[in-house]
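In what follows, a single structure is set out as structure tokens and then discussed.
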Amino acid sequence: MKSLLVFQSVFYLITGLWPVIHLKSFLKLTGSKTDKWLVVTVGWLITISAIVMLMAAFGSITKEIIALAVLDAFILGIIDVYYVSKKVISKVYLGDAVVEFLLVLAWGFVFIQSPQGLI
């Protein structure tokens, strides 16, 4: 459980901080955006989730932290797929969706292995 939370935290730190630190390279890969402030804002929110999850991984992993991890991954994956299908964002986001859904599946596997340990 701890290693999964650390992995997700590091993944979110990288993907969250990237547009904050170097928006130009982020936009070069993901495509032009009209609301750059929104890209940076979402980057910060993902970074904040990453920091909280990482703190929990080396402190106390609660059901609330697991809910944050699962729901973040689920909604980010859904958003990726939905907006790619509407041709609002680049298909490159489908790569992120794959990682997000693998995270959800991994958390499901953790739950199946020890449901009493998560609640």
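Quick caveat: nothing in here was measured; it's all calculated off a predicted structure.
Both F58 and M55 sit in one connected hydrophobic cluster of ILVMFWY residues. Membership requires side-chain heavy atoms under 4.5 Å apart, directly or through other members. Using a 4.5 Å cut-off between side-chain heavy atoms of Ile, Leu, Val, Met, Phe, Trp and Tyr, with links allowed through other members, V99 and L71 fall into different hydrophobic clusters. Under the 4.5 Å side-chain heavy-atom criterion for grouping Ile, Leu, Val, Met, Phe, Trp and Tyr, I78 is connected to L94 within one hydrophobic cluster. The hydrophobic cluster containing W44 also contains L27, counting ILVMFWY residues as joined when their side-chain heavy atoms lie under 4.5 angstrom apart, directly or transitively. The hydrophobic cluster containing L105 does not contain M1, counting ILVMFWY residues as joined when their side-chain heavy atoms lie under 4.5 angstrom apart, directly or transitively.
Distance check: I61 CD1 to I66 CD1 gives 6.5 Å after rounding to the nearest 0.5 Å. Taking CD1 from I14 and CD1 from I21, the interatomic distance works out to 10.5 Å, rounded to the nearest 0.5 Å. The CZ atom of F109 lies 11.0 Å from the CG atom of L4; values are rounded to the nearest 0.5 Å. Separating the NZ atom in K91 from the CD1 atom in I89 is a distance of 12.5 Å, to the nearest 0.5 Å. With rounding to the nearest 0.5 Å, the separation of CD1 in I46 from CD1 in I51 is 12.5 Å.
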Run the side-chain contact (heavy atoms from CB on, under 4.5 Å) test on F11 and D96 for me, step by step, so that the C-alpha distance in whole Å, both residues' side-chain angles and the decisive distance to 0.1 Å come before the verdict.
CA-CA 10 Å; F11 178 69; D96 182 66; 3.3 Å; yes
Stepwise side-chain contact (heavy atoms from CB on, under 4.5 Å) check, F7 with L103
CA-CA 9 Å; F7 172 82; L103 285 167; 3.8 Å; yes
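The two residues A57 and V6 come nearest to each other via the heavy atoms CB-CG2, 3.7 Å. Across every non-hydrogen atom of V92 and T30, the tightest pair is CG1-CA, 3.9 Å. Minimum interatomic distance between V81 and A97 (heavy atoms only, all atoms of both residues): CG2-CB, 3.8 Å. Across all their heavy atoms, L68 and M53 have their closest contact at CD2-CG, 4.0 Å. Of all heavy-atom pairs spanning F74 and V104, the tightest one is N-CG2, 3.6 Å.
Annotation: side-chain contact (heavy atoms from CB on, under 4.5 Å) contacts of V39 (sequence neighbours excluded): P19, L23, F26, K33.
Within the structure, every pair that satisfies the side chain to side chain donor-acceptor pair (under 3.5 Å) test and touches residues 7-26, not counting sequence neighbours, is listed here: Q8-Y12, Q8-W107, Y12-E100, W18-S25, H22-S25. Sequence neighbours left out, the pairs with a member in residues 69-83 that pass side chain to side chain donor-acceptor pair (under 3.5 Å) are S49-D72.
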